[in-house]
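Written below as structure tokens is the structure these notes are about.
Order of the sequence lines sets the chain letters (A, B, ...), proteins ahead of strands, with each chain counted from 1.
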Amino acid sequence: MITDARVLQPEFIPQEVEHRNPEVNHLSNALKPIMDGHPGETSLLLGPSGAGKTCIAQFTTERLRENVLDINTQYINCWQDYTRFRVLHRILDGIGQTVDIHRRSTPKDELLERLQDYDGPHYVVILDEVDQLEDKSVLYDLYQTRGITMVLIANREEELFATLDERLTSRLHSSVRIQFEKYPLDELVSILEARAGWGLSEGAIGNDQITHIADAAAGDARIGISILRNAARVADQQGTDTITEEIVRDAVPGGREEIRRKTAEKLRTHQRVLYEILQEEGEMSPGELYDEYCGRVDEAKTKRTVRNYLKKMEHYRLVTAQGEKRARTYRPREDPP
DNA sequence: GGTCCACAGGAAAGATAGGGTC
DNA sequence: GACCCTATCTTTCCTGTGGACC
């Protein structure tokens with residue numbers, strides 16, 4: 001059934017991308033000066049989850065690597081690397097400059113100095129989920145650093161700019177903006193057909209089943225691929241040669257749940273307890289949530305720390321906060337993060 | 001309108017932990 | 001092994017705000 005599991009993974013970058021030629025060309029043009037030894041333009045890729053932003057950024061920089069002999073690239077997901085230190089560390093890691101840098105013993109400024117001293121090949125840094133960065137001043141420092149071109153990825157422009165200071169806002173306003181929209185049904189169908197063609201045995205899934213998956217994914221390629229992967233796994237376990245309509249129907253909630261579960265796995269023990277409570281109980285006031293949390297753990301953190309946890313979980317898009325101040329309630333998000 | 005209470009979130013200080021240095 | 005340095009996490013303290021109640 002599954003002939004190549006890699007192509008069913010969300011991080012897989014295909015050799016050719018479909019339905020995103022204008023976006024690829026736009027980004028390629030922004031990075032084109034690098035081919036002549038000049039810095040590229042800072043690019044801002046905007047749009048909803050699963051619209052292909054990450055894939056296009058990686059695909060385009062990969063294509064650039066094929067055309068430019070000397071170039072370095074690095075992909076950083078700011079969900080995981082959300083501090084200034086981690087971002088700088090990850091960037092230096094991309095050029096092999098972290099051998100003697102240690103998480104607990106090297107000052108942040110030294111990392112930046114080392115980066116500013118870098119005089120190697122041009123360096124393209126992709127910062128995904130850039131709105132999740134805790135300290136956005138690192139963007140300003142990178143903007144000022146010679147030899148670095150940034151490709152920034154975020155969901156919503158307003159949310160990103162709301163958290164930037166004036167000097168960054170004015171600089172990023174002049175950056176190249178590339179807007180991504182959700183995939184229409186027919187485009188998502190052809191993307192899933194291609195993945196199925198590359199990763200599953202011939203005839204493993206029919207057009208009706210792929211359309212069903214695309215329809216359930218509602219324009220989000222990441223969810224579509226997750227459902228397809230889930231369906232293929234179930235069919236494999238059942239020992240059947242084809243993915244039936246019944247398997248697809250059962251795989252839809254699992255595909256969505258898988259994305260949520262992977263995000264929840266990033267939570268630490270106490271954060272996970274809070275998330276589980278909200279999943280079980282639904283909407284809760286902060287007081288109710290804290291009382292329930294205290295009843296479930298041995299050594300409860302303070303209310304202030306729990307507020308920080310909930311803020312972080314909001315960032316992870318696992319939890320929604322509604323209302324202000326005393327009227328505030330928390331509930332788990334319905335849609336995948 | 002005044003008071004109380006619950007809550008958010010900023011600031012600062014303390015605690016923790018990993019690696020370096022001697 | 002003791003001590004130092006540093007990033008990160010946690011706690012404490014505080015201010016501001018809005019809803020509930022009188």
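Of all heavy-atom pairs between A/Tyr183 and A/Ala221, the closest is CE1-CB, 3.7 Å.
To the nearest angstrom, P of B/dA8 lies 13 Å from OH of A/Tyr290. One atom, CZ of A/Arg86, and another, C1' of B/dG18, lie 14 Å apart when rounded to the nearest Å. One atom, NE2 of A/His89, and another, C1' of C/dT6, lie 13 Å apart when rounded to the nearest Å. Across the protein-nucleic acid pair, A/Lys311 atom NZ and B/dG10 atom P stand 8 Å apart, rounded to whole Å. Going from atom CZ of A/Arg307 over to atom P of C/dC13 covers 14 Å, rounded to whole Å. What separates CG of A/Asp81 from P of C/dT8 is a distance of 10 Å, to the nearest Å. Rounded to whole Å, the distance from CZ on A/Arg304 to P on B/dA8 is 9 Å. Here the P atom of nucleotide C/dT8 and the OH atom of A/Tyr309 are 16 Å apart, to the nearest Å.
Between A/Arg229 and A/Glu258 there is a salt bridge, since a side-chain N of the basic residue sits under 4.0 Å from a carboxylate O of the acidic one. Note on A/Arg260 versus A/Glu257: salt bridge recorded, some NZ/NE/NH1/NH2 to OD/OE distance being below 4.0 Å.
At the heavy-atom level, A/Arg328 lies under 4.0 Å from the strands shown only through sugar-phosphate atoms. A/Tyr82 comes within 4.0 angstrom of the backbone, heavy atoms only, and of no base.
The aromatic rings of A/Tyr293 and A/Tyr290 are tilted relative to each other, their planes meeting at an angle between 30° and 60°.
The backbone N or O of A/Ala51 lies less than 3.5 Å from a partner atom in the side chain of A/Arg20, making a donor-acceptor pair.
Applying the 4.0 Å criterion to OP1 and OP2 of C/dT10, one finds that A/Thr305 has every side-chain N and O outside that range. One finds a side-chain N or O of A/Arg268 lying less than 4.0 angstrom from the OP1 or OP2 phosphate oxygen of C/dT10. Between A/Thr83 and C/dT8 there is a side-chain N or O to OP1 or OP2 distance below 4.0 Å. OP1 or OP2 of B/dA8 sits under 4.0 Å from a side-chain N or O of A/Tyr330.
In this structure, the nucleotide among C/dA7, B/dA8, C/dG19 sitting nearest to the side chain of A/Pro286 is B/dA8.
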